[in-house]
A.B. asks: 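Would you mind keeping the following structure in view while I ask a few things?
All ligand and atom numbering here is 1-based and tracks the order in the structure.
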Amino acid sequence: MTVSSPRDISPEQVVREEDLVARVQASFDSCQDPRLKELMQTLVKHLHAFLREVRLTEEEWSRAIEFLTAAGHITDDKRQEFILLSDTLGASMQTIAINNEAYGDATEATVFGPFFIEGSPRIEQGGDMSFGAAGEPCWVEGSVTDIDGNPVPGAKIEVWAADEDGLYDVQYGDGRVSARAHLFTDADGTYRFWGVTPTPYAIPYDGPVGKMLEATGRSPMRASHLHFMVEAAGHRTLVTHIFVRGDELLDSDSVFGVKESLIKDFDRRSAGTPTPDGRVVDGTWTMVRFDIVLAPADA
Ligand code: BEZ
Ligand code: FE
């Protein structure tokens with residue numbers, strides 16, 4: 001596709017286009033909510049800049065409307081295509097970056113994703129969050145501290161993951177609850193549990209976002225990861241994942257979620273190696289340590 005250079009546009013045309021931008025922005029002048037006014041006027045500024053820069057054709061405008069309409073149609077209480085769109089355009093990670101400015105050594109946040117569900121089962125320390133999900137067992141242990149290194153006892157840790165076939169429990173549609181749980185840190189701020197070793201999986205690509213990825217030659221694959229959400233009074237809630245060092249998808253995660261500080265060693269142990277809690281495991285297993293540092297709530 002050729003994009004007309006601004007040189008092809010007559011001065012009269014530039015005035016017409018700029019005049020329209022000004023009139024649309026001015027239509028929000030009397031908005032009583034200053035933040036809403038700023039959002040709308042700035043949106044108009046950048047939207048029109050995009051339209052004018054790419055010299056959008058009417059056919060392309062129609063395709064865009066069809067795309068958004070399809071995204072609306074496929075969206076329901078279990079499928080959120082607009083969040084998927086935001087994720088694949090990097091808008092989710094940009095919003096996270098803006099709102100979670102690095103605070104000392106606090107653990108970095110990353111994308112939430114659509115597969116968290118309220119009301120996960122509680123497990124005790126050393127419990128198994130897999131609840132029968134297929135996958136290589138993984139021992140996960142670590143601590144939760146504040147930025148001064150003090151333990152945070154009683155922190156609520158939510159964990160959720162895809163199974164080795166790359167599916168979350170909700171994607172089976174049979175009501176199963178597996179590979180998700182919550183637990184609380186001990187008095188010394190530590191935690192430990194069994195889960196499944198993360199494997200790569202594709203984000204849902206049977207809708208318009210999948211078509212967009214295909215048309216643009218992009219992969220829907222996410223780097224292998226395990227989701228965490230950590231909540232404790234007086235601290236900023238942390239939504240993050242840990243990623244598997246050595247995973248070949250670390251540089252091409254479809255939702256741009258990978259951060260260097262979140263890449264961890266998942267050490268593989270051969271079959272028969274004694275486990276940290278004496279559990280008998282068939283075959284190989286892995287172990288990973290994830291020490292979590294929470295920023296203060298007002299940071
Ligand atoms: C996930 O990690 O579960 C996820 C994140 C963004 C889009 C789709 C899935
Ligand atoms: Fe995920």
A.B. asks: Answer yes or no for His241: is there an N/O/S atom below the 2.8 Å cut-off from the Fe ion (ligand 2)?
C.D. replies: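 It does not: His241 brings no N, O or S atom closer than 2.8 Å to the Fe ion (ligand 2).
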A.B. asks: Using only N, O or S atoms, tell me which atom of His227 is closest to the Fe ion (ligand 2).
C.D. replies: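 Considering only N, O and S atoms, His227 comes nearest to the Fe ion (ligand 2) through NE2.
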A.B. asks: For Ser92 and Asp87, test the side chains for any donor-to-acceptor distance below 3.5 angstrom and give the result as yes or no.
C.D. replies: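 Yes, side-chain donor-acceptor contact under 3.5 Å.
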A.B. asks: Are the charged groups of Asp277 and Arg279 less than 4.0 angstrom apart, N to O?
C.D. replies: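 Here Asp277 does not pair with Arg279 in a salt bridge, since their nearest N and O are not under 4.0 Å apart.
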A.B. asks: Does any donor atom in the side chain of Thr57 or Glu60 lie under 3.5 Å from an acceptor atom in the other side chain?
C.D. replies: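 Yes.
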A.B. asks: Give the protein residues with at least one non-hydrogen atom closer than 4.0 Å to an atom of ligand 1, ordered by chain and number.
C.D. replies: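 Within 4.0 Å of ligand 1, protein side: Leu84, Asp87, Gly113, Pro114, Phe115, Tyr168, Tyr201, Ile203, Arg222, His225, His227, Val255.
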A.B. asks: Would Arg245 and Asp265 pass as an ion pair if we require N to O under 4.0 Å?
C.D. replies: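 Between Asp265 and Arg245 there is a salt bridge, with a charged N closer than 4.0 Å to a carboxylate O.
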A.B. asks: Is Asp186 salt-bridged to Arg192, going by a charged N under 4.0 Å from an acidic O?
C.D. replies: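 Salt bridge present between Asp186 and Arg192.
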A.B. asks: Could you grab the angle centred on the Fe ion (ligand 2), going from OH in Tyr201 to OH in Tyr168, to 10°?
C.D. replies: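 So the angle at the metal works out to 100°.
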A.B. asks: In terms of heavy-atom contacts, does CD of Gln94 have more than 12 from other residues, nucleotides or ligands at under 6.0 Å?
C.D. replies: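 No - once you tally the heavy atoms of other residues, nucleotides and ligands closer than 6.0 Å, there are 12 at most.
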A.B. asks: What pairs meet the ring-ring contact (aromatic ring centres under 6.0 Å, His included) rule with one or both residues in residues 276-295, with sequence neighbours excluded?
C.D. replies: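 The answer is Trp194-Trp285, Phe228-Phe290.
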